[in-house]
Amino acid sequence: STWSWNRNEAKMAAESKKEEFRKYLEKSGVIDAVTKVLVALYEEPEKPANALDFIKQYLGAPSSSEVEAMRNDNEELKRKTEELTNQIDDLQKKLKEVRVSEAPAS
């Protein structure tokens, strides 16, 4: 019947998409990286309390404390940049005033 043929066709299309995605993951190194991290987690003598954090750290993601430290550094650098920008503006105004006061009168 047409219905079973359409169902088989849809199933084949889905399988093809899955295979295409699997090849993509393999080619991009995802399968290898995930396998390595899971093996490392399996071989860990004392299993971490948070497996997801272990995986993130193993793959090179910064820890929560590192992210917080970077945020704080970023905020401090923004404040310092604003402070220095204001100092530059003030000094440019003073320089302009000095130049005007020293300019020969016409």
Side-chain angles (χ1 to χ4, degrees):
S1 81
T2 308
W3 179 77
S4 65
W5 182 78
N6 285 341
R7 193 173 73 186
N8 285 340
E9 189 176 288
K11 188 176 179 181
M12 287 173 55
E15 290 299 321
S16 175
K17 268 187 133 173
K18 285 179 187 176
E19 181 62 18
E20 188 178 312
F21 186 63
R22 188 196 63 74
K23 286 179 181 176
Y24 161 74
L25 292 176
E26 191 172 340
K27 184 178 179 183
S28 62
V30 172
I31 291 175
D32 189 45
V34 169
T35 301
K36 285 179 181 175
V37 72
L38 291 176
V39 167
L41 181 58
Y42 174 79
E43 292 176 347
E44 193 68 24
E46 291 186 31
K47 302 297 181 242
N50 189 327
L52 191 54
D53 281 348
F54 175 89
I55 291 169
K56 288 177 183 178
Q57 186 176 5
Y58 186 92
L59 293 174
S63 68
S64 299
S65 60
E66 290 172 322
V67 170
E68 188 60 33
M70 286 187 273
R71 281 191 182 121
N72 292 339
D73 288 349
N74 189 30
E75 287 303 314
E76 179 60 31
L77 291 170
K78 285 179 181 178
R79 280 192 292 277
K80 190 68 175 171
T81 299
E82 184 177 356
E83 182 182 314
L84 291 171
T85 300
N86 290 337
Q87 285 180 6
I88 289 170
D89 291 345
D90 290 345
L91 290 170
Q92 286 176 335
K93 287 177 189 172
K94 288 178 183 175
L95 180 60
K96 188 175 181 181
E97 290 169 5
V98 168
R99 285 182 177 158
V100 167
S101 68
E102 291 179 352
S106 309

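Keep in mind the model is a prediction, meaning the values are calculated, not measured. Residue numbers start at 1 and run along the sequence shown.
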Let me check something: any side-chain donor-acceptor pairs from residues 85-92 under 3.5 Å, sequence neighbours excluded? List them with distances.
{"from": "T85", "atom 1": "OG1", "to": "T81", "atom 2": "O", "distance (Å)": "2.7"}
{"from": "N86", "atom 1": "ND2", "to": "E82", "atom 2": "O", "distance (Å)": "3.3"}

Check whether any side-chain heavy atom of [X] sits under 4.5 Å from a side-chain heavy atom of [Y], and report yes or no.
{"X": "E83", "Y": "R79", "value": "no"}
{"X": "L41", "Y": "V37", "value": "no"}
{"X": "D53", "Y": "Q57", "value": "no"}

Quick one: do V34 and F21 end up in the same hydrophobic cluster if we chain Ile, Leu, Val, Met, Phe, Trp and Tyr together by side-chain heavy atoms under 4.5 Å apart?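 Yes; tracing contacts between hydrophobic side chains, which count when under 4.5 Å, links both residues.
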
Do the side chains of I55 and L25 join up, straight or via other hydrophobic residues, at under 4.5 Å, putting them in one cluster?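 Yes, same cluster.
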
Which salt bridge (charged side-chain N to carboxylate O under 4.0 Å, His left out) pairs, counting each pair once, include a residue from residues 18-27, with sequence neighbours left out? E15-K18, E19-R22, R22-E26

Sequence neighbours excluded - salt bridge (charged side-chain N to carboxylate O under 4.0 Å, His left out) pairs with any residue from residues 33-52: D32-K36

Using a strict cut-off of less than 4.0 Å between a Lys/Arg side-chain nitrogen and an Asp/Glu carboxylate oxygen, indicate whether K94 and E97 qualify as a salt bridge.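 So K94 does not pair with E97 through a salt bridge.
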
What pair of heavy atoms forms the shortest contact from T35 to I31, and how long is it? OG1-O, 2.7 Å

